[in-house]
Amino acid sequence: MRSKVITWIDERLEFSPRLKYFLDRLVPRGVGWWYTLGSATLFLFILQVVTGIALTMYYSPSPDHAYKSVEFITNEVSGGRLIRGIHHWSSSGIVVLSVLHGLRTFFFGAYKYPRELTWILGVLLLVIVLAFSFTGYLLPWDQKAYWATVVGTSIPGSVPYIGDLLFKLMRGGTEVGAVTLVRFYSLHVIILPLVAAALIGLHIYLVVKLGISAPPDDLKRGKKPYG
Amino acid sequence: MMPKQPGVSRREFLSKSIVAIGSFIGASLLYTVGRFVISPSLKKRANSWAEVGPVEELKVDVPTRVTYTIERSDGWIERTDIKTAWVRRYANGRYDVFDPKCTHLGCPYHWDEASKSFLCPCHIAGFDITGKVIAGPPPKPLGKYAYKVEKGRLYIQE
């Protein structure tokens, strides 16, 4: 079944035992649909990466061209409306699924020892997801995007002492304009994806290393989680 | 451990299903994104007619450099380009409208009245008044544009 080339490469990389360790790990009894929310979120993240990279092929992050280039993507490029639609709806989906994933972890008590660090990384990832949503919202540069950012950047302005600094840092000045658009773009397509990828990597490493926690009911009844 | 049963095991069925569904999703995504990325490269640009000006201003049998403007869309940008062409007017009302780029490597050439030929300075190329190569490396004669005359004004199409 496996070609000679793959066997040759695998003999040197020793990738297949690692893949087996990653995929064929023991999961406790009674694990069901509730446990798929993390994988579903990861799937949407990958979908966002693919469609997002495709969108950067045509998007122009400048106030003179942003709206027109989005219009171009939607109306001129084949499948543009679909790719934009997937990116748009998956972004909402990722927020919903991450929150549900967090609630599942909370109510099942799965954040407890030894999985506290997984939980902390997860909370950071939720913040990253919201930062993605906030920065991505500005990019179409229409009225809704503009005013949402005017309001959204004003809110941190009310923080005591450092509010004014935060406000100006987010806008790159006092007005929402060219500088704001480009820094939001940079955050959205370079900085946040790098940070997210690193945190997701660690999060999944911990999930695999520590294993999945058994459903709380089974633990209460004194059932053995494995075997 | 379950005894080995004939046929496809549950585990085998599930792992094959996962690969099949995953491949289907991956292929649909690859197709959509591929089409998206390639799309504008294969789009044909419709060339419109550009007005050059009144034909009386062109001398008969003396090629003249004309400039004209065309409106074109460059992705999401609408731009106005200023272009040039060489026009030869025949006495009988015909015209030759030459593409202003040398057919060798695309340098702009000029009409030399003394030698009655088009000269390209880049690699010492020459074309006669009909656009035929008479000197230098160009592989083919000068390109020609389509033209039409309406109400005494010349229009060309690249």
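Quick note on labels: first sequence line is chain A, next is B, and so on, each numbered from 1.
Within a 6.0 Å radius of CZ in A/R25, other residues, nucleotides and ligands contribute more than 12 heavy atoms. Other residues, nucleotides and ligands place no more than 12 heavy atoms under 6.0 Å from the NZ atom of B/K59. Within 6.0 Å of OH in A/Y67 there are 12 or fewer heavy atoms belonging to other residues, nucleotides or ligands. Other residues, nucleotides and ligands contribute only 12 or fewer heavy atoms inside 6.0 Å of the CZ atom of B/F24. More than 12 heavy atoms of other residues, nucleotides or ligands shown are found within 6.0 angstrom of CD on B/E113.
Of the inter-residue distances, the one linking A/E76 atom CD with B/S73 atom OG reads 7.5 Å to the nearest 0.5 angstrom. Going from atom CD of A/E71 over to atom CH2 of B/W76 covers 12.5 Å, rounded to the nearest 0.5 Å. Going from atom CG of A/D24 over to atom CZ of B/R11 covers 6.0 Å, rounded to the nearest 0.5 Å.
Residues B/L29 and A/L47 meet the side-chain proximity criterion, which asks for heavy atoms closer than 4.5 Å.
Taking every heavy atom of both residues into account, A/V77 and B/K43 meet most closely at N-NZ, 4.5 Å.
With a threshold of 4.5 angstrom between heavy atoms, A/Y58 approaches chain B through its backbone and through its side chain.
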